Asker: 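One structure follows; several queries about it will come next.
Note that the structure is a prediction, hence the values are computed from the model and not measured. When a residue number appears, it is its place in the shown sequence, counting from 1.
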Amino acid sequence: MIGRVKCQMCRNLTSGGLMPETWRCKAFPNGLPERKIMFLTRDTCENCNNGIGFEPKDDQNKGLKAPT
């Protein structure tokens with residue numbers, strides 16, 4: 001895949017680096033589960049975990065919608 005992964009554009013991402021294993025967010029404070037990363041294109045991310053879902057970081061991503 002070329003480009004940014006949806007998680008990298010989410011307001012709930014709290015830390016991360018180049019490798020997905022380093023990503024942390026409000027929904028997954030201990031790290032994103034592998035199943036979440038591997039099937040991200042099929043996941044709507046409306047409710048990732050604990051009622052927390054995808055929220056665009058800024059106006060640049062405002063029109064971004066999760067793939068269906």
Asker: Side chains of C7 and L32: closer than 4.5 Å at any heavy-atom pair?
Answerer: yes
Asker: Are F54 and K6 packed together at the side-chain level, in the sense that at least one heavy-atom pair is separated by less than 4.5 angstrom?
Answerer: yes
Asker: Keeping T22 on the side-chain end and G17 on the backbone end, is there a donor-acceptor pair under 3.5 Å?
Answerer: yes
Asker: Can you check whether N30 reaches R24 side chain to side chain, under 4.5 Å on heavy atoms?
Answerer: no
Asker: In Å, rounded to the nearest 0.5 Å, how long is the span from CD of E55 to SG of C48?
Answerer: 10.0 Å
Asker: Taking N12 for the side chain and G53 for the main chain, is one N or O donor matched with an acceptor at less than 3.5 Å?
Answerer: yes
Asker: What distance do C10 atom SG and I52 atom CD1 have between them, rounded to the nearest 0.5 Å?
Answerer: 9.0 Å
Asker: Any side-chain heavy atom of P33 sitting closer than 4.5 Å to one from F28?
Answerer: yes
Asker: Of all heavy-atom pairs between K57 and Q8, which one has the smallest distance, and what is that distance?
Answerer: NZ-O, 3.2 Å
